[in-house]
Amino acid sequence: MADFDLGASFIPALYKPAALLPIAKHREALLYLIETSPVTIVVGQTGSGKSTQIPQFLEQAGWCADGKIIGVTQPRRVAATTVAMRVAEEVGCEVGKEALVDPLLSRYSVVMVDEAHERSISSDILLGLLKKVRRKRPELRIIISSATLQAEDFRDFFSESNEEAPRDDKDAAKVASIISLEGRTYPIDILYLEQPAEDYLEKAVSTVFDIHANEPKGDILVFLTGRDEIEKAVQAVAERSAQLPPGSDSLLPLPMYAGLSTEQQNYIFEETTENFRKVIFSTNISEASVTIDGIVYVVDSGFVKLRAYNPQTGIESLTATPVSKASAAQRSGRAGRTKPGKCYRLYTDEAYQALPDANVPEIQRSNLAPFVLQLKALGIDNVLRFDFITPPPAELMVRALELLYSLGALDEYSKLTKPLGLRMAELAVEPMMSKTLLSAPSFGCLSEILTIAAMTSVGGTIWIQHDGEKKKTESAKRKFSTEEGDHLTLLNVYQAFVTNGRKEARFCHENMLNFKAMSRAVSIRAQLKRSLERFGVVVDESLASGSTSSTAAGSASINKAEQIRRCLTSGYFAHAARMQPDGSFKNVSGTTVLHAHPSSIMFNRKADWVIFHEVMETGDKTYIRDITKVEKNWLLEYAPDFYKTST
DNA sequence: GAGCACTGC
């Protein structure tokens, strides 16, 4: 496998992006377009300064007069808060307000949808809303930032009308215009494999060594699909580095994925000494969310893990999928930020040609229940006729409506119920959990459910997953575990954190907890609590017990534990399963075999009926996560209609 | 025996 000869395995492509003018040069043209055209589509590279500079141009041009504000939305909140803060600092405008409170967005003179080409559900829905608002508020200005390939989709969307007669081309041009604001980039050589790789992980590692042996200085960024692959690749490079010829520069392999702690992530930004070449093995996090300086070489496996949702079974899956052409372009662009670069694609030119232009929009492959609820709360009753830029499959809509009806958020006419449905829409957790929260006062366990809701929404990032320290994490977890399952375990972890570890980094370190994730749970809990108090719900924290584990003495806490399990059942009855003699589970209709996820307390433990927070198919198994034991008769008690129809 | 990314104020 020692094919160090790059020329033999890669062939160059013809494509070279042109180096164009920076954004400030386009200022006048841009402001003229925004003034004269209701919708302006701004095309330019990620990081070209669009999201910070355009709001400033607008403010200077008087778009903030009369107390009006400029809104900037982004699919990735980390970036959004940074941008919003910078804009607020620099131009003195307030940014960010929910459409839920002000459906006509009347305080805004301009709304900018940033990175709209990423097609997140929220930006897709915002585009549909903006199109609707524009009919009632023709003076509103809409700016959409997009990658080049998708610009025309947005123009066509805003130019076409659902209700009126088709416009001619001249009219369409008046509604939406496209302007290109390419930033300065350096040329990137793109190289393809001559033959498909049998094992892209092995090929990625050998390509890294090829680059190291044959190419001038510059760090390497390798795109892989997940943690497992990344850790394997890092290890392979570390091992094989020993065989590098004496006197040659060293390779410094580093992992990058969202599950790492901040500290571990920060290694990739540190400067290396003269004789080192950094090689970063990363998930898609480095495609757009994280920018690393000094990258000259990109190695693209051609794969990404993508979520999908099966509307028939209601099961999400996470599988490695070939990237889109748009993704491949974005990845290669990471090489040319500071000087000319090279991108090695671990697939053939033919394989590239066969890739889809763009990813399937999120709205066509997700559980839509949370978004249907939001649309209903915005007064959009006929969600099936909402003007989506690409409509989701009807089955996805139907499944979302059915779930919301079974939870009592919608009535038999599919209208939002009040107050239940409306309140559920305003809580920032998914519908099954918002239902659980809203029924918690009647079970006398609101404080505990608030905590559980916050803990489940930060997901699997609570525990440190350091390679080689798995045992340590397992034993730390056992200290908090309860007989009843994962939800009560999460409650114990949280309670220990707020009493012992909130200001003490050592507590998290000793218990293998991720401080950032735990702090996020604290702030989510506070936010949920504020929402509930806005509805007039009283949250009595004095009732919260120190420990709700069944190992704790006293019948009061055992009773509390049962109330919590009953309450969870009232929201999660649709996520019920029964353990089979072989230890696996079957869902209510008996159609799907489910397995307790190895991270669950219920992994390898006995149970009868359980409810679970989440179900996901990865590889060839379907896993349930965050599992709690319940009684069969509770299911019948809290969801009689649901169980009558499904059995 | 194991989860891509993102957010929630």
Side-chain angles (χ1 to χ4, degrees), chain A residues 73-82 84-85 96-98 115 118-123 223-231 255-260 265 281-290 301 303-308 316-323 327 330 359 362 365-366 370-371 374 426-430 433-434 437 450 453-463 465 467 470-471 473-474 477 516-517 519-531 534 583-584 595-600 602-604 613-626:
Chain A
T73 70
Q74 287 189 286
R76 284 167 274 109
R77 182 60 183 235
V78 179
T81 40
T82 324
M85 271 159 34
K97 185 175 186 291
E98 286 169 18
E115 314 287 359
E118 289 187 10
R119 302 297 305 275
S120 69
I121 295 183
S122 53
S123 79
F223 284 100
L224 297 174
T225 70
R227 198 185 84 195
D228 262 19
E229 277 178 12
I230 288 168
E231 299 292 354
M256 180 65 194
Y257 48 88
L260 290 174
Q265 289 187 347
F281 291 97
S282 174
T283 61
N284 234 26
I285 193 170
S286 303
E287 191 179 297
S289 309
V290 170
S301 67
F303 286 91
V304 61
K305 271 192 191 169
L306 278 185
R307 266 178 196 263
E316 259 183 336
S317 59
L318 188 61
T319 33
T321 319
V323 294
S327 244
Q330 178 74 23
N359 289 337
E362 206 183 1
R365 51 184 171 86
S366 304
F371 304 96
Q374 269 193 345
E426 289 191 45
L427 288 169
V429 284
E430 41 138 22
M433 188 55 90
S434 57
L437 267 171
L450 267 172
M455 288 291 276
T456 50
S457 40
V458 290
T461 54
I462 300 272
W463 302 97
Q465 298 288 352
D467 228 39
K470 282 179 191 167
K471 283 228 171 84
T473 304
E474 284 308 306
K477 206 186 279 185
K516 196 171 64 175
S519 307
R520 205 155 61 226
V522 172
S523 80
I524 293 169
R525 190 185 187 282
Q527 181 223 335
L528 289 171
K529 186 178 168 182
R530 277 197 298 278
S531 299
R534 220 175 39 234
S584 69
H595 299 271
H597 191 274
S599 67
S600 171
M602 298 308 296
F603 181 72
N604 280 344
H613 179 68
E614 203 179 24
V615 51
M616 183 170 275
E617 194 187 322
T618 49
D620 49 3
K621 273 189 174 172
T622 305
Y623 291 104
I624 52 178
R625 300 166 74 100
D626 295 333

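Order of the sequence lines fixes the chain letters, A, B, ..., with proteins taken first and strands second; residue numbering starts at 1 for each chain. Remember, it's a predicted structure, so these values are computed and weren't measured experimentally. Below, each value reflects all heavy atoms present in this structure, side chains not excepted, and no hydrogens, waters or symmetry copies.
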Begin with the C-alpha distance, continue with both residues' side-chain angles, and end with the deciding distance and a verdict on side chain to side chain donor-acceptor pair (under 3.5 Å) for Glu362(A) and Ser366(A). CA-CA 6 Å; Glu362(A) 206 183 1; Ser366(A) 304; 4.6 Å; no

Side chain of Ser457(A) only, heavy atoms from C-beta on: which candidate in dC6(B), dG8(B), dG1(B) is closest? dG8(B)

Can you figure out which of dG1(B), dG8(B), dA5(B) approaches the side chain of Ser289(A) most closely? dA5(B)

For Thr283(A), report the nucleic acid contact type (base, sugar-phosphate, nothing); a contact means any heavy atom under 4.0 Å. sugar-phosphate

Nearest whole angstrom, please: distance from the P of dG1(B) to the NE2 of His597(A). 12 Å

Roughly how many Å is it from CG in Leu260(A) to C1' in dC6(B), rounded to a whole number? 16 Å

Going by the rule side-chain hydrogen bond (donor to acceptor under 3.5 Å, both in side chains), which residues pair with Thr461(A) if we only count those two or more places apart in sequence or in a different chain? none

Under 4.0 Å between a side-chain N or O of Tyr257(A) and OP1 or OP2 of dA5(B)? no

Which is more 5' along DNA chain B, the nucleotide nearest Glu362(A) or the one nearest Ser523(A)? Just name the residue. Glu362(A)

Could you work out, with side-chain hydrogen bond (donor to acceptor under 3.5 Å, both in side chains) as the rule, every residue matching Ser599(A), not counting sequence neighbours? His597(A)

Need one value for Glu316(A): base, sugar-phosphate or nothing, where a base atom within 4.0 Å counts as base even if backbone is also close, heavy atoms only. nothing

State whether Ser599(A) places a side-chain N or O below 4.0 Å from either non-bridging phosphate oxygen (OP1 or OP2) of dG1(B). no

Please tell me if the side chains of Met433(A) and Ser457(A) come closer than 4.5 Å, counting only heavy atoms from C-beta onward. no

Go nucleotide by nucleotide along DNA chain B from the 5' end; which of Leu306(A) and Arg520(A) gets its closest nucleotide reached first? Leu306(A)

